[in-house]
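Okay, so here's the structure we're looking at.
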Amino acid sequence: MTAVLETRGLNKSFGALQVAQNINFRLEAGARHALIGPNGAGKTTLVNLITGRLRPTGGKIFLSGEDITDLPPEARVKRGLGRTFQINQLFKGLSVLENVALAVAERDGVGGNMFGAARARRAVAEEAYALLERLRIADDALKPVRELPYGRQRLVEIAIALGLNPKVLLLDEPAAGVPSTESAIILEMIAGLPPDIAVLIIEHDMDLVFRFARRITVLVQGAVLVEGTPGEIAADTRVREVYLGERSHV
Amino acid sequence: MIPPGKSSLKRPPAVEALIKRHRLRPIELLPWAIAVAAYFLFPGYLALGAQIFIMVLFALSLDLILGYAGIITLGHAAFFGVGAYTAGILAVQGWHEPISGLIAAGVAAAVVGLVSGLVILRTHGLTLLMLTLAIVFMLHEAANKAGFITGGADGLQGIAIDPIFGAFRFDMFGRTAYWYALVVLFLGWAFVRLLVHSPFGRSLTGIRENVVRMHAIGTPVRRRLVTAYTISAGLAGVAGGLLAQTTEFVALNVISFELSGAVLIMLIFGGVGRLYGAFIGAPVYMIAEDELAKADPVYWLFWIGLILILLVMFARGGILGLIDQAMHLVRWRRK
Ligand SMILES: Nc1ncnc2c1ncn2[C@@H]1O[C@H](COP(=O)(O)OP(=O)(O)OP(=O)(O)O)[C@@H](O)[C@H]1O
Ligand SMILES: [Mg+2]
């Protein structure tokens, strides 16, 4: 199978700290892939490298076979790369609907329109609303995001990314900070993602990871420790060591 | 698909609200009604009126980049000044037709906005603020040095403007100037209003609210900012051109840090990012200046300073913000 997303020998250091070490990572079309690892392992950094928020110190990134290493972030988005943030990055003063509409408009290429195009605007608003309905936050469509409880804001975070209709979706701890009552909606939503989207999820909750992922990559200190099926990862002694060590001083 | 014609019935209210947000509300016509009424009520103040309209347009242009796009600048008078000198110098050099002179003022300022924007909008925060200051200082000195064409510190004199459309002569009572400035302001307002409600304008708001996320949804952020900056500079240039044409004089302080600060204060008085802040702030500031300076020509800035402190500390949304809060309170009480 061809990789829709691939990194080759990706490196990144912050001064002396190497946060990505020779990372070779592949995401197949329709993948359900989890990226796990202790705090500070470099998971978010990897997402930032892939999306272009950070520039690698070495290595290459490919999206659908095209070298995107030198492309600016927005060009990568245009090619189908969507992400969510570990800590919400929302337009807090704008309504929930508009948060999503901004993304839909950019994806449709009408985000820079100055005049006219009422039809395009309507299409954008309707699509954004349909997305809110899907995530069951349409009731809050007109509320400013900052008035929503964190769990619902987390859904907006995801809705914005989905508004881009991405081919590859990178979810950085989507359920982090969400009370368990509400995380169920998020899990259900993730499970219901269109099968053709390749999804990478960063997650600390092992129940979620093992339920969702068909493949798992374990990252430790910026390097891939092991990659495999959930069964292989569960049985891996090195992974157990990392996680037992981790748990014991949490 | 929803069949056409019935579609608005089936559309969810939230969608409807988003699409129709830019519908004109009656209250938005109030400033224009006041401006027309003022012409008849205060015939002795027409010159001040025209200057107020000019400053409203200037503050409105600032609102586009500061209030909507979140670009903080202390150098906006650079564009106002470039416009004023362009219109003024054209007239002195023999081009007396006002409309084309005004367009030239806007275009010249927009070009300066585009070029400087391409350079300085790579930066943010304090660096950006310093760069906007640096540009206004440099242009001020350049205008000063180029005295042979700008009149330098003595100001640019000898501006003569033809009647508008060959029919409306600029009269000594400032009647023509009043209407001229008002019509240009109206056009500027209609344009900015269209812009801020357009997807482009909303994306500027998105950039102000969260630039990280705008990058992540694929927005060409810098291009949008440079575009907004260019448009805003052009509008400021038109305002400057209006001043040169209506007063037939350009003082060196049109390109100054002081004027940049003053327009910022006007906008903050009225309310930033609300489109109508300029319409409240500029008149309040200028009428206060007029009245306070009459009473005490030296210390009027003291009072402006005091008002600014009170507003910034207790009413971050400016006068419009206060009105909002008051309305909110009234509605809440009724419930
Ligand atoms: N901009 C930066 N400058 C310097 N160091 C950074 C920067 N960003 C991240 N780091 C460091 O890089 C390391 C990896 O951080 P990263 O956020 O990628 O970890 P993570 O695996 O996502 O952790 P978590 O599970 O806590 O989210 C950490 O030690 C972090 O302190
Ligand atoms: Mg992280």
Side-chain angles (χ1 to χ4, degrees), chain A residues 51-53 72-79 81-85 88-99 101-118 120-122 124-130 132-133 138-143 145 157 160-161 163-164, chain B residues 1-2 4 7-8 10-23 64 67-68 70 122 190-228 230-231 272-274 316-317:
Chain A
T51 56
R53 261 200 102 191
E74 58 264 23
R76 303 180 193 206
V77 176
K78 288 276 177 295
R79 285 164 174 73
L81 192 58
R83 73 168 294 182
T84 66
F85 292 84
N88 281 348
Q89 294 283 354
L90 301 168
F91 311 107
K92 286 214 169 164
L94 306 185
S95 70
V96 171
L97 182 60
E98 190 155 39
N99 266 261
L102 278 173
V104 175
E106 290 300 342
R107 187 211 67 207
D108 278 355
V110 300
N113 281 9
M114 293 187 187
F115 308 108
R121 273 184 224 189
R122 178 167 312 148
V124 165
E126 278 173 350
E127 183 176 340
Y129 189 82
L132 296 186
E133 282 187 317
D139 288 346
D140 290 332
L142 288 178
K143 274 203 196 133
V145 162
E157 176 73 32
I160 293 173
L164 299 170
Chain B
M1 279 301 303
I2 302 156
S7 56
S8 70
K10 294 213 174 168
R11 203 176 298 138
V15 170
E16 204 70 9
L18 188 66
I19 299 171
K20 302 217 164 124
R21 187 178 39 197
H22 59 287
R23 283 251 169 110
L64 180 63
Y68 288 89
R122 294 161 188 275
F191 176 64
V192 173
R193 190 179 182 283
L194 210 67
L195 215 55
V196 298
H197 289 302
S198 73
F200 170 80
R202 298 315 295 167
S203 79
L204 294 182
T205 307
I207 292 170
R208 182 197 72 204
E209 289 274 319
N210 193 335
V211 69
V212 168
R213 194 51 182 258
M214 282 309 265
H215 281 294
I217 62 172
T219 312
V221 168
R222 202 151 64 86
R223 199 192 323 151
R224 295 272 161 86
L225 289 179
V226 171
T227 306
T230 304
I231 293 171
V272 177
R274 295 162 167 269
R316 292 296 295 273

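Below, chains carry the letters A, B, ... as their sequence lines are ordered, and counting in each starts from 1. Computation of the quantities below employed the complete heavy-atom set of this structure, encompassing side-chain atoms and omitting hydrogens, waters and symmetry-equivalent molecules.
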- Message: Given 3.5 Å as the limit, does a donor-acceptor pair link the side chain of B/R213 with the main chain of A/E157, or not?
- Response: yes

- Which region of A/L164, side chain (C-beta onward) or backbone (N, CA, C, O), has a non-hydrogen atom less than 4.5 Å from a non-hydrogen atom of chain B, or is it both or neither? side chain

- Message: Please determine whether a side-chain nitrogen of the Lys or Arg among A/E106 and B/R224 lies less than 4.0 Å from a carboxylate oxygen of the Asp or Glu.
- Response: yes

- Would you mind telling me which of A/A105, A/A141, A/P72, A/G93 has the largest number of heavy-atom pairs within less than 4.5 Å of chain B? A/G93

- Message: I'd like to verify something: which residue of A/R53, A/R83, A/R121 has the highest number of heavy-atom pairs under 4.5 Å with chain B?
- Response: A/R121

- Name the member of B/S203, B/G201, B/G218 that forms the most heavy-atom pairs with chain A at distances under 4.5 Å. B/G218

- Query: Could you state the interatomic distance from NE2 (B/H215) to CD (A/Q89), rounded to the nearest 0.5 Å?
  - Reply: 11.0 Å

- Look only at the side chain of B/E209 and the backbone of A/K92, and say whether a donor-acceptor pair between them is shorter than 3.5 Å. yes

- By side chain to side chain contact (heavy atoms under 4.5 Å, CB included), A/N113 pairs with (sequence neighbours left out) A/V110, A/A117, B/P199

- Query: Do you know which two heavy atoms are closest between B/L18 and A/A101, and how far apart they sit?
  - Reply: CD2-CB, 4.0 Å

- Query: What is the minimum heavy-atom distance between B/T205 and A/L94, and which atoms define it?
  - Reply: CG2-CD2, 3.8 Å

- Query: With only heavy atoms counted, which part of B/L194 is less than 4.5 Å from chain A, the side chain, the backbone, both or neither?
  - Reply: both

- Message: Tell me which of these, A/L132, A/L90, A/T51, has more heavy-atom pairs under 4.5 Å with chain B than the rest.
- Response: A/L90

- Could you pull out all residues at least two apart from B/R316 that satisfy side chain to side chain donor-acceptor pair (under 3.5 Å)? none

- Message: Is A/A161 close to chain B through its backbone or its side chain, or both, or neither, when contacts mean heavy atoms under 4.5 Å?
- Response: both

- Message: Please classify the contact of B/R21 with chain A as side chain, backbone, both or neither, using a heavy-atom distance under 4.5 Å.
- Response: side chain

- Note on the structure: When the 4.5 angstrom heavy-atom criterion is applied to A/A103 and chain B, the contacting part is both

- Which answer fits A/R76, side chain, backbone, both or neither, if we ask what part of it has an atom under 4.5 Å from a heavy atom of chain B? neither

- Residue B/A17 versus chain A: region with a heavy atom under 4.5 Å: side chain

- Output the distance between atom CD (B/E16) and atom CZ (A/R122), rounded to the nearest 0.5 Å. 7.5 Å

- Query: If every non-hydrogen atom of B/N210 is compared with every non-hydrogen atom of A/F91, which pair is closest and at what distance?
  - Reply: O-CE2, 3.5 Å

- Note on the structure: Closest non-hydrogen contact found for A/G112 with B/F200 is O-CB, 3.5 Å

- Message: Under a 4.5 Å cutoff for heavy-atom pairs, which residue among B/V212, B/I19, B/L195 has the most contacts with chain A?
- Response: B/V212

